[in-house]
Amino acid sequence: MTNTSLNANLQFDQQHIWHPYTSAINPLPCYEVVKAEGVHIHLASGEKLVDGVASWWAAIHGYNHPKLNQALQQQSQAFSHVMFGGLTHQPAIDLCRSLIDMTPMGLDRVFLSDSGSVSVEVAMKMALQYWACQG
């Protein structure tokens, strides 16, 4: 990647993309990632970082893990995503069975969400609904 295109990408990013935990008006700088593997993040500038934060979200197994890549590729041949409202599928059923098997007795219902913030929002709404139903 040339310095010109790298600078143009970063300039566009700073002007048009609002990243988490930074100001929309005076954002912190970002660094363009071109590859990630294991614990390493490779930047467009040529630098290589060790990800000591585990990607904030869930990079417990590292980046570009061959077994996870294979599972992703295999699943995407059938479907990569379907809405869950009124629909289900075997991977979701298998995951929920595994989750229930590892939780204490009585915790036998699973709500799947796509992020931590959505899960917190749903938990709050469920608690409010529960108490509303209690009168």
K.L.:
Once you round to the nearest 0.5 Å, how far does CG of Asp108 lie from CG of Leu99?
P.N.:
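So the gap between those two atoms works out to 12.5 Å.
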K.L.:
Linking I/L/V/M/F/W/Y whenever any side-chain heavy atoms sit under 4.5 Å apart, do Ile100 and Ile93 land together?
P.N.:
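No, it is not one cluster - the side chains of Ile100 and Ile93 are not joined through contacts under 4.5 Å.
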K.L.:
Can you tell me how far apart NZ (Lys35) and NZ (Lys48) are? Round to the nearest 0.5 Å.
P.N.:
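So the NZ of Lys35 and the NZ of Lys48 are separated by 8.5 Å.
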K.L.:
Taking all non-hydrogen atoms of both residues, which atom of Leu112 and which atom of Cys96 are closest, and how far apart?
P.N.:
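Residues Leu112 and Cys96, closest heavy atoms: CD1-SG, 3.9 Å.
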K.L.:
So, using side chain to side chain donor-acceptor pair (under 3.5 Å) as the criterion, who are the partners of Thr88 when residues are at least two apart?
P.N.:
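With neighbours one apart ignored, the set is empty.
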K.L.:
Among residues two or more places apart or on two chains, list those pairs meeting salt bridge (charged side-chain N to carboxylate O under 4.0 Å, His left out) that have a residue in residues 118-128.
P.N.:
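Of all non-adjacent pairs touching residues 118-128, those that pass salt bridge (charged side-chain N to carboxylate O under 4.0 Å, His left out) are Glu121-Lys125.
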K.L.:
Quick check for you: to the nearest 0.5 Å, what is the distance between Glu47 atom CD and Tyr31 atom OH?
P.N.:
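One finds 8.5 Å between CD of Glu47 and OH of Tyr31.
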K.L.:
Taking all atoms of both residues into account, what is the closest heavy-atom pair of Gln73 and Ser76, and its distance?
P.N.:
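Taking every non-hydrogen atom into account, O-OG, 2.8 Å.
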K.L.:
For the hydrophobic clusters of this structure (ILVMFWY residues joined by side-chain heavy atoms under 4.5 Å, transitively), does one cluster hold both Val118 and Val120?
P.N.:
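Different clusters.
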K.L.:
Is the backbone of Leu28 close enough, under 3.5 Å, to the side chain of Thr22 for a donor and an acceptor to pair up by distance?
P.N.:
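Side chain of Thr22 to backbone of Leu28, a donor-acceptor pair under 3.5 Å: yes, one is there.
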K.L.:
Ignoring hydrogens, what is the shortest heavy-atom contact between His19 and Asp13? Give both atom names and the distance.
P.N.:
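Minimum heavy-atom contact is NE2-OD1, 2.8 Å.
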K.L.:
Mind checking whether Gln134 and Tyr130 have side chains closer than 4.5 Å, heavy atoms only?
P.N.:
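Result yes, sub-4.5 Å side-chain heavy-atom pair found.
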K.L.:
Roughly how far, to the nearest 0.5 Å, is the CD atom of Gln11 from the NE2 atom of His16?
P.N.:
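So the NE2 of His16 and the CD of Gln11 are separated by 8.5 Å.
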K.L.:
Would you check if the side chain of Glu37 reaches a backbone N or O of Ile41 as a donor-acceptor pair within less than 3.5 Å?
P.N.:
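Between the backbone of Ile41 and the side chain of Glu37 there is no qualifying donor-acceptor contact (under 3.5 Å).
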K.L.:
Rounded to the nearest 0.5 Å, what's the gap from CG on Leu95 to NE2 on His89? Could you check?
P.N.:
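Answer for the CG-NE2 pair, Leu95 versus His89, is 9.5 Å.
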K.L.:
Give a yes or no on this: more than 12 heavy atoms of other residues, nucleotides or ligands lie within 6.0 Å of atom CD of Gln90.
P.N.:
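Yes, the 6.0 Å shell around CD holds more than 12 heavy atoms from other groups.
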K.L.:
Quick check: is Leu49 connected to Tyr63 through a chain of hydrophobic side chains (ILVMFWY, heavy atoms under 4.5 Å apart)?
P.N.:
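Yes, one cluster joins them.
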K.L.:
Distance from Leu10 atom CG to Gln15 atom CD, nearest 0.5 Å?
P.N.:
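One finds 11.0 Å between CG of Leu10 and CD of Gln15.
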K.L.:
Under the salt bridge (charged side-chain N to carboxylate O under 4.0 Å, His left out) rule, what pairs show up with a residue in residues 77-95, not counting sequence neighbours?
P.N.:
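Sorted result for residues 77-95: empty, none.
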